[in-house]
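Working notes for the structure below.
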Amino acid sequence: MKPSIPRGTRDFGPAEMQKRQYILNIVRKNFELFGYQPIETPAMENITTLTGKYGEEGDQLIFKILNSRIHESKNKDVLKKEFELSLEASRNSEELTERALRYDLTVPFARFVVMNQHQLTFPFKRYQIQPVWRADRPQKGRYREFYQCDADVIGSNSLINELDLISLVDKSFSQLKVPVIIKFNNRKILSAIAEVIHEPSKIVNITVAIDKLDKIGKEGVNKELAENGISQEAIQKLQPLLEFKGTNAQKVGILKELVGNTEAGKKGIEEIEFLLNTSTAEIELDITLARGLNYYTGTIFEVKANEGTFSSSILGGGRYDDLTGIFGLPNMSGVGISFGIDRIYDVMEELNLFPASTDKSPAATLMFAHFDIESQTHCVSLAAELRNKNISCEVYPDITKKLGKQFDYANKKNIPFVCTVGSNEMQNKLYAVKNMDKGEQQQFNITDLIKFLKKD
RNA sequence: GUAGGUAUAGCUCAGUUGGUUAGAGCAUCGGUUUGUGGUACCGAGGGUCGUGGGUUCGAGUCCCAUUACUUACCCCA
């Protein structure tokens, strides 16, 4: 049988893991630096926890898990009917699927907060680094299994949290040396727009269409709006939004004109101005930024790489005022961001941003080479001594007289020192250690060897 | 779901208007080298040309179908 893995999933070898961990370590360090605490949640959730939170499209992209032992069911007639119905339209049947793989980390987090509300100190700041699954068509930069790295704070309305997150994002990308644009907008503006053009029920269609401005241009957006039943009059009102390019301040001016006399508009503009005035990081107000997820209600974020061919977003996030409400805990506003490290990896690979050290990081500091079972055994006890001193090392596992083969192995694993042990060395307790880079060899007793490697 | 592209050795790919026994580089293994690697030279193994059918004296090459992968649309990290 030919081995394979499901489409959209990947294996990661040691070289790739080295780079992935380089990114993860920087992100995790910053999460902790800003006072977020780690949690984990299960890979699968009850399907009812997930459905209805991600929009119509989103629901269809949830990986569903078929119930086990359906052949033992006592209600096969019901099962058959549910199955028939599922063939006709996208729907959820708990008879068939009670559980699903998590689609993001935010909704499980909201569930977690509600379930553990009495143990948590609010405002609660958590970070979470785990894979999520989406039943999407894979393509460039889009995977069916990928990692999200989320930081969220819940139980606080303060815009300080937004500022904190912006600063965290800015710091992380500058440490990774990835050139980015941090864009933001506010969902209150979008609802205000829907209000002033008298199409409040079409808010999702409007936001999704506007979000595509970059890709399909003004004409494309107008066409899509019309197709979604938005009146010509309303579309005309939206034009200033689509046509305008300029500074952040000028954009705020446009917004004031368009939605400044609505309640939601006023509030949104106020929040936007606060962030623009107080953020120390460079941020760009993008009045066409909408984002698809249903649960956002206030500030929304998106980060894209500023160089290279990679156009999809590498980070997203925003404020959600009532995600926990559906689970029975109202009035819990939260805000969070999510790093897409798989895409960050792709950007960094394309722009050659990984430090050289991640390319050939040594598997160990030293390898022992030997000739027979006696010398190998001797190496094993020497290795134990080095490891007690916290020096990483390994003993060549096979018995062979061919030193070339053993040296080659060390080379391929980028091990910088090789210590060859034969009968002379065992007798004199003096060990020859070769620096694989320089090709020089020095002799040490065990104490000096440890000193030498420690210093190095 | 819709539309395009690709499929030949473990990997990356050549393969002429359809013509003898399908090639290269890298990788692997062996040798030059039984106590010192990266280099060099010599050699070896490894293929049902994705699968099934068709056209033809003859198909890796042309046609049809099918599967997998991939890119774009939709949506998203």
Side-chain angles (χ1 to χ4, degrees), chain A residues 2-9 13 23 27 54-62 90 102-106 129-150 169 204-205 207-209 211-212 215-216 220 224 227 290-294 301-305 309-318 336-347 360 367 369-372 375 396 399-426 431-441:
Chain A
K2 229 193 227 160
S4 66
I5 55 175
R7 181 165 17 155
T9 66
I23 301 173
V27 170
Y54 306 112
E56 231 177 288
E57 287 286 337
D59 274 4
Q60 301 195 32
L61 297 179
I62 293 172
S90 170
R102 69 164 103 76
Y103 178 91
D104 73 353
L105 300 179
T106 309
I129 299 173
Q130 288 190 275
V132 303
W133 293 268
R134 295 185 185 177
D136 226 339
R137 283 289 165 96
Q139 50 189 275
K140 190 188 178 80
R142 170 173 305 179
Y143 308 101
R144 287 183 146 179
E145 177 183 63
F146 62 96
Y147 268 72
Q148 289 196 331
C149 309
D150 278 36
V169 167
V204 172
N205 295 343
T207 54
V208 166
D211 196 41
K212 289 182 204 160
K215 254 186 189 167
I216 60 179
E224 182 158 332
E227 280 166 7
R291 303 198 53 75
L293 298 182
N294 270 358
F301 301 110
E302 183 167 284
V303 172
K304 285 185 177 181
T309 62
F310 216 83
S311 61
S312 27
S313 58
I314 55 179
L315 177 143
I337 45 98
S338 179
F339 287 83
I341 70 141
D342 302 79
R343 286 181 173 178
I344 295 172
Y345 181 104
D346 291 343
V347 168
K360 42 176 187 178
M367 187 199 81
H370 46 76
F371 301 95
D372 45 38
S375 51
Y396 187 78
I399 306 247
T400 168
K401 294 235 185 291
K402 288 179 179 143
L403 277 183
K405 205 173 164 176
Q406 301 185 55
F407 274 62
D408 219 37
Y409 175 84
N411 269 331
K412 282 183 180 150
K413 295 180 74 171
N414 296 308
I415 296 173
F417 297 101
V418 171
C419 174
T420 307
V421 176
S423 45
N424 294 340
E425 285 81 358
M426 286 194 280
Y431 306 104
V433 174
K434 185 161 193 174
N435 179 322
M436 297 297 278
D437 225 24
K438 298 178 184 155
E440 294 162 358
Q441 193 156 279

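Below, chain A is the first sequence line, B the second, and so on; all start at residue 1.
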#### Entry: Secondary-structure stems for RNA chain B, with pairs counted as Watson-Crick or G-U when both distances are under 3.5 Å and runs at least 3 long
B:1-7 with B:67-73, B:10-13 with B:23-26, B:28-32 with B:40-44, B:50-54 with B:62-66

### Message
Taking A44(B) as the reference, what is the distance to G60(B) when you measure between their C1' atoms (whole Å, please)?
### Response
26 Å

### Task
Sticking with atom C1', work out how far U32(B) lies from U70(B), rounded to a whole angstrom.
46 Å

### Query
Passes side-chain contact (heavy atoms from CB on, under 4.5 Å), Ile314(A) versus Phe339(A)? Steps please.
CA-CA 6 Å; Ile314(A) 55 179; Phe339(A) 287 83; over 6 Å; no

### Message
Please enumerate all residues that pass side chain to side chain donor-acceptor pair (under 3.5 Å) together with Glu145(A), with sequence neighbours excluded.
### Response
Trp133(A)

### Task
In whole angstrom, give me the gap between the C1' atoms of U12(B) and A7(B).
14 Å

#### Entry: Whole angstrom value for the distance that separates C1' of A77(B) from CZ of Phe146(A)
5 Å

### Query
So, is Gln139(A) near the phosphate of U71(B), with a side-chain N or O under 4.0 Å from OP1 or OP2?
no

### Query
Rounded to whole angstrom units, what separation is found between the OH atom of Tyr409(A) and the P atom of A27(B)?
19 Å

### Message
Quick check: do Arg142(A) and Arg137(A) have side-chain heavy atoms less than 4.5 Å from each other?
### Response
no

## Note on the structure
Interatomic distance, OH@Tyr143(A) vs CG@Asp342(A), rounded to 0.5 Å, equals 6.5 Å

### Query
What distance, rounded to whole Å, do you find between the two C1' atoms, one in G52(B) and one in G43(B)?
40 Å

### Query
What distance, rounded to whole Å, do you find between the two P atoms, one in C74(B) and one in C11(B)?
34 Å

### Query
If we take the C1' atom in both G23(B) and C49(B), what is their distance in whole Å?
12 Å

### Query
When rounded to the nearest 0.5 angstrom, what distance separates NZ in Lys434(A) from CE in Met367(A)?
12.0 Å

### Query
Could one point to a donor on the side chain of Arg343(A) or the base of C76(B) with an acceptor on the other under 3.5 Å away?
yes

### Task
Hey, could you give me the CZ/CD1 distance between Arg102(A) and Ile62(A), rounded to the nearest 0.5 Å?
13.0 Å

### Message
Classify Lys412(A) by what it touches in the nucleic acid, base, sugar-phosphate, or nothing, heavy-atom distance under 4.0 Å.
### Response
sugar-phosphate

### Message
Please give the distance between the P atoms of A9(B) and C13(B) as a whole number of Å.
### Response
11 Å

### Query
For the base of U2(B), is there a side-chain donor-acceptor partner from Arg137(A) under 3.5 Å away?
yes

### Task
Could you tell me the separation between the CZ atom of Arg144(A) and the P atom of A68(B), rounded to a whole number of Å?
11 Å

### Query
With sugar-phosphate meaning primed atoms plus P, OP1 and OP2, does Tyr143(A) contact a base, only sugar-phosphate, or nothing at under 4.0 Å between heavy atoms?
base

### Task
Measure from CZ on Arg142(A) to P on C69(B) and round the result to the nearest Å.
16 Å

### Query
Between CG of Leu403(A) and CZ of Phe371(A), what distance do you get to the nearest 0.5 Å?
4.0 Å

### Query
Residues two or more places apart in sequence or in another chain: which of them pass side chain to side chain donor-acceptor pair (under 3.5 Å) with Asp372(A)?
Ser375(A)

### Residue pairs involving residues 413-423 of chain A (criterion side chain to side chain donor-acceptor pair (under 3.5 Å); sequence neighbours excluded)
Glu394(A)-Lys413(A), Tyr409(A)-Lys413(A)

### Task
Please state the C1' separation for the pair C69(B) and C63(B) - nearest whole angstrom.
23 Å

### Message
Using whole Å, what does the distance between atom P of nucleotide A77(B) and atom CD of Glu145(A) come to?
### Response
17 Å

### Task
Starting from C1' on U70(B), measure out to CG on Asp346(A) and report it in whole angstrom.
15 Å

### Query
How does each nucleotide of nucleotides 31-42 of chain B score, in 5' to 3' order, for protein heavy atoms under 4.0 Å: base (B), sugar-phosphate only (S), or none (-)?
S---BBBB----

### Query
How close or far is atom P of G1(B) from atom CG of Asp136(A), stated in whole angstroms?
14 Å

### Summary
So CD1 of Ile344(A) and CG of Leu315(A): to nearest 0.5 Å the spacing works out to 7.0 Å

### Query
With a 4.0 Å cut-off on heavy atoms, is Arg7(A) in touch with a base, just the backbone sugar-phosphate, or nothing at all?
sugar-phosphate

### Message
Heavy-atom nearest nucleotide on RNA chain B for Arg134(A) versus Gly8(A): which residue maps closer to 5'?
### Response
Gly8(A)

### Query
Within this structure, what is the CG-to-C1' distance between Asp342(A) and C76(B), rounded to whole angstrom?
13 Å

### Under the side chain to side chain donor-acceptor pair (under 3.5 Å) test, residues paired with Tyr396(A) that sit two or more places apart
none

